[in-house]
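Everything on this sheet refers to the single structure shown next.
What's counted below: heavy atoms across the whole structure, side chains too, no hydrogens, waters or symmetry copies. First listed ligand is number 1; within each ligand, the first listed atom is number 1.
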Amino acid sequence: MPQAALIDGKIYSAKVQAEVTAEVARLKAEHGLTPGLAVVLVGEDAASQVYVRNKGIQTEAAGMLSVTHRLPAETSQADLLKLVSELNDDPKIHGVLVQFPVPDHISQADVVAALSPDKDVDGLTVINAGRLASGLPGLVPCTPEGCMIMIRGVIPDLKGKRAVVVGRSNLVGKPVAQLLLQADCTVTMAHSRTVDLAAVCREADILVVAVGRPEMVKADWIKPGAVVIDVGMNRVPSRDPVKAAEGKTRLTGDVDFEQAQGVAGAVTPVPGGVGLMTVACLLNNTVKAAKRIHGIGG
Ligand code: NDP
């Protein structure tokens, strides 16, 4: 059975991280500017704690200012919005990210609406989504940007390629589709109401899956030779029945990786794929935001 090439998130993210680190050094030396990223975590969600800690470590490793606000789960929406407003006004901070999900009593939409579009490094505000849809420069969501870097690494010229994006969230599906469209792909967006999803996926030269359903995409959903980007991050019971009985879990994507390896031309693993790019692109967006705010080109 042919083995698909591995699209290794470690290699791609290390490259982005190195570029960011070099650019931060340049901004410090030439402009006396240290880009700063503030991350806000509300509550005790275990996965979010890990993400936030990693973001802080990598932000500092790139030479940037990292500020983390850990707020208790019972924090009121008003208090959270007040903090966001203070960070919007803080000249040392160029990127503000509120880690989602937030507790149920807080409206995610209200939090996004409170972010300054200039510091919205996750590209979630209506302004940045509108800029992306209109082909104007702005801050693009990190995970989609990471997907595009990996896709271009495998297919440098995307013109005319058939792309299928499964999932239509504002965070992943819609912006990935916009970016593929900007790259002159012919894009189909699929979702939970798509009829004969497997057949739609089989048309794709580039298949991006961002659904949150463990290993949903099987071998016969994939066109031979296609590039498969698996955004999904799902916790499922360990393969080892003893460990599973102890409650041990493993991380898996939306694509059945072993099956995909036998059909696809190239595929991202989970873990070790898109997830690593998300953090690297977050740092990159913070640098972009700092340069825009200070009117620095290059
Ligand atoms: P959402 O839950 O916001 O969106 C899921 C999308 O998948 C929806 O558009 C939904 O369709 C669609 N969908 C759900 N079930 C099916 C199905 N059976 N068939 C076809 N489409 C379906 O998720 P996100 O976009 O935020 O995240 C998707 C996945 O990516 C998750 O596993 C998440 O953990 C992961 N993720 C990973 C990141 C990374 O850094 N690697 C970053 C962000 C997310 P409909 O709109 O019709 O309901």
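- A salt bridge links K223 and D205; the closest N-O separation between the charged side-chain nitrogens and carboxylate oxygens is under 4.0 Å.
- Listed by chain and residue number, the protein contacts of ligand 1 are T143, V166, G167, R168, S169, L171, V172, H191, S192, L197, A210, V211, G212, R213, M216, V231, G232, M233, N234, V274, G275, T278 (heavy atom within 4.0 angstrom).
- No salt bridge links K243 with E246; every basic N to acidic carboxylate O contact stays at or beyond 4.0 Å.
- For the residue pair N234 / T252, no side-chain donor-acceptor distance below 3.5 Å is found, with atom types taken as modelled.
- Salt bridge K55/E60: absent, no basic N to carboxylate O contact under 4.0 Å.
- Put simply, the side chain of T68 reaches to within 4.5 Å of the side chain of V52, judged on heavy atoms.
- Within a 6.0 Å radius of NZ in K218, other residues, nucleotides and ligands contribute more than 12 heavy atoms.
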